[in-house]
Each structure stands twice: as structure tokens, then as C-alpha cells.
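Order of the sequence lines sets the chain letters (A, B, ...), proteins ahead of strands, with each chain counted from 1.
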Protein chains: 2
Amino acid sequence: MSSIQATAPDSSLNDIFAALADPTRRAILGRLATGESSVNELAAPFPMSLQAVSKHLKVLERAGLISRGRQAQLRPCRLRPDSLARATGWLDSYRALWDSSFDRLDEHLRSTQKGNHD
Amino acid sequence: MSSIQATAPDSSLNDIFAALADPTRRAILGRLATGESSVNELAAPFPMSLQAVSKHLKVLERAGLISRGRQAQLRPCRLRPDSLARATGWLDSYRALWDSSFDRLDEHLRSTQKGNHD
DNA sequence: CCAGTATTCAACCAATGAGTTCAATACAAG
DNA sequence: CTTGTATTGAACTCATTGGTTGAATACTGG
């Protein structure tokens, strides 16, 4: 009766990975990597409505991947790398696994089963 | 006229991130990090049916995150780090961005951490 | 005040996802 | 061959998601 819990010790990883799973949203992040941008500017390249892009931005914001400001009637979006870092951090624990040799497996096992690994 | 294309030059990233977005699936990967395992063994800790876990495994396999063998009536699962590496690779391109000293990004980071929320 | 621009809200729809239960398959052993 | 075990398949819910259109809000400039 182990205690692997599927449900959300830190639910934000769910939101982060789910946000990254959409190619439109990844493209938006790619665009934002070059600098702050308005919703209209962000939406322009995509073959979908402005409202659809607005929804994508809401998803990205909820995942903590972007933040938004207010200047005049614009609501400029900018990248928020810290959430991206959370995803990277999770993946890194696995990278350690396959990068190094077998004895690191034990170490990984231990930290994993402490349950901070989700 | 830009060329940001939302649709799938790299469609597998969609599957990989989508697979990682579910906590049950992340827990399964965590479990597999300790070694090969059968479906029954994998399913045991979770408060859901065996069939549900079987579905999760199919998602993970489709994303290339695990592979499966056959021995007797068992279909043992093992981790396949290369797909995980694709996700890591994508994220790494962003890590490079915020790690380096683009002053624009730096500025954004600072204002972000001041916590100007909507 | 009025008109235009930027963005979001709301209602709707089709497709997908995560879960269920019941039935089917595959294999090992008696 | 039959039984038990491991796993998948199929059909079904229910909630969520990605998209649409039309209306509302918020702000700027004339």
C-alpha cells in the first residue's frame, strides 16, 4: 500500500506541461522570447481569431508562463521564465538518470519516493 | 506574412508535453525510473482501475516516453529517455534565453518579480 | 461626447481526455 | 482442456479544450 498520489501535491506542473502541449502556445512563447508584445501583435501570424489567441494567453498566464501589464488599452504580455524553470527542473531529475551511470539510480529512487516528485 | 506555423513541424512535442501534463503519468514515469515494471505493479498504487492505467501507458508509449516488451503474459514497461530529451531540448532553448544577459529580458524579469499582478 | 482601437466576455459546438464497467484476448500451469 | 492471471478492447459518461461568432468593456484622440 504505497502512497503514490496522483493528485496534485503541486498542481502547477499540470498546468505548465498542459500549456506547453499546444503548438500555438509554444509559438507564442517563442515570439515572446524576442520581447514584450501586445495581443494583436501576437495573434497576427495565426490563422485563428483574436479571441482564440486571447484564450491561449489566459492559459499561459494561468500556468505562470507569461505575465501581463496594462498600458493604455494594450495588455502587453511578457515571458515569465520561472515557471518554465519548474518544468525544466522536473525534467532535469530524469536527465540525471539517463546521463549518468547506474549507481545514480539509487539516488534518484530515494528522492522520488519521498514524494516530492509527483 | 510571418511564418509562425502552429501546426506540427514537430508534432511529437505535443504528445510529449501532453503526456507529461498528467500527474498519474508523471508518477508512472517516476516509478519506471526505478526500473522496468509490469502493468499490474504500476497500477497498484493508484486509486483507479487497471484499464485506466493501461490507457495512461498507451499515451506514454505514443509519446515515446516508454517502450514495452513481452515476457509471458506480462507486458513490461521501461523508460525511454530520448523523448524526454526532446522536451528538455525545447525547454533548454528558453533557458539559454533567460540565462544570458539580454537586458530586455532582464528588465522584464525584474518587473515581473516585483509582482505586478492584474 | 463620439468614434475607433484593443481586448475580453459569453454562449455555443465538436473533439478529446480521463475515468468507468463489462467483455475479450493471451498465455501458463494443473 | 480448463482455470487463473495479465492485459487490452469496446462502449459509455462527464468535463475540458480549442475553436467559432457576437456583444461588451476599456481606453485614446478628435
Revision key, fill the gap. Whole-Å distance, Met48(B) CE to dT21(C) C1', equals 16 Å
Check your understanding: So does Ser54(B) get a side-chain nitrogen or oxygen closer than 4.0 Å to the phosphate oxygens (OP1/OP2) of dT8(D)?
Key -> yes
Exercise for review: Please figure out whether Ser49(A) or Ala72(A) has its closest DNA chain D nucleotide nearer the 5' end.
Suggested key: Ser49(A)
Review point. Side chain of Gln51(A): nearest nucleotide among dG19(C), dT21(D), dG19(D)?
Key: dT21(D)
Study note, to complete from the structure: Of the candidates dC9(C), dG19(D), dT7(C), the side chain of Leu50(A) sits closest to dT7(C)
Exercise for review: Take Asn40(B) and Gln71(A), find for each the nucleotide of DNA chain D with the closest heavy atom, and name the residue whose nucleotide sits nearer the 5' end.
Suggested key: Asn40(B)
Review point. What class does the angle between the rings of Trp90(B) and Phe17(B) fall in, given that below 30° is parallel, 30 to 60° is tilted and above 60° is perpendicular?
Key: perpendicular
Practice item. Please check the phosphate of dG9(D) (OP1 and OP2 only) for any side-chain N or O of Lys58(B) closer than 4.0 Å. Key: yes
Review point. Does dA6(D) have OP1 or OP2 sitting under 4.0 Å from an N or O in the side chain of Ser38(B)?
Key: no
Review point. Arg68(A) side chain N/O closer than 4.0 Å to the phosphate oxygens (OP1, OP2) of dA6(C)?
Key: no
Practice item. Would you tell me if any nitrogen or oxygen in the side chain of Arg70(A) comes within less than 4.0 Å of OP1 or OP2 on dC27(D)? Key: yes
Review point. Picking from Arg25(A), Glu61(A), Gln51(A), what satisfies side-chain hydrogen bond (donor to acceptor under 3.5 Å, both in side chains) with His56(A)?
Key: Arg25(A)
Practice item. Count the heavy atoms belonging to other residues, nucleotides or ligands that lie under 6.0 Å from CZ of Arg62(A), then report whether that count exceeds 12. Key: no
**Study point:** Closest to side chain of Gln73(B), choosing from dA28(C), dA18(C), dT8(C)
**Key:** dA28(C)
Exercise for review: Output the single nucleotide from dT20(C), dT28(D), dG18(D) whose closest atom is nearest the side chain of Asp22(A).
Suggested key: dG18(D)
Check your understanding: Under 4.5 Å between any side-chain heavy atoms of Leu20(B) and Leu29(B), yes or no?
Key -> yes
Revision key, fill the gap. Among the nucleotides dC9(C), dG19(C), dT5(D), whichever has the atom closest to the side chain of Thr24(B) is dG19(C)
Practice item. Specify the closest pair of heavy atoms between Asp22(A) and Thr24(A), including all atoms of both residues, with the distance to one decimal. Key: OD1-N, 2.7 Å
Revision key, fill the gap. Picking from dT8(D), dT20(C), dA6(C), the nucleotide nearest the side-chain atoms of Leu74(A) would be dA6(C)
Point to revise | Interatomic distance where CG belongs to Asp15(A) and P belongs to dG17(C) [whole Å] | key: 17 Å
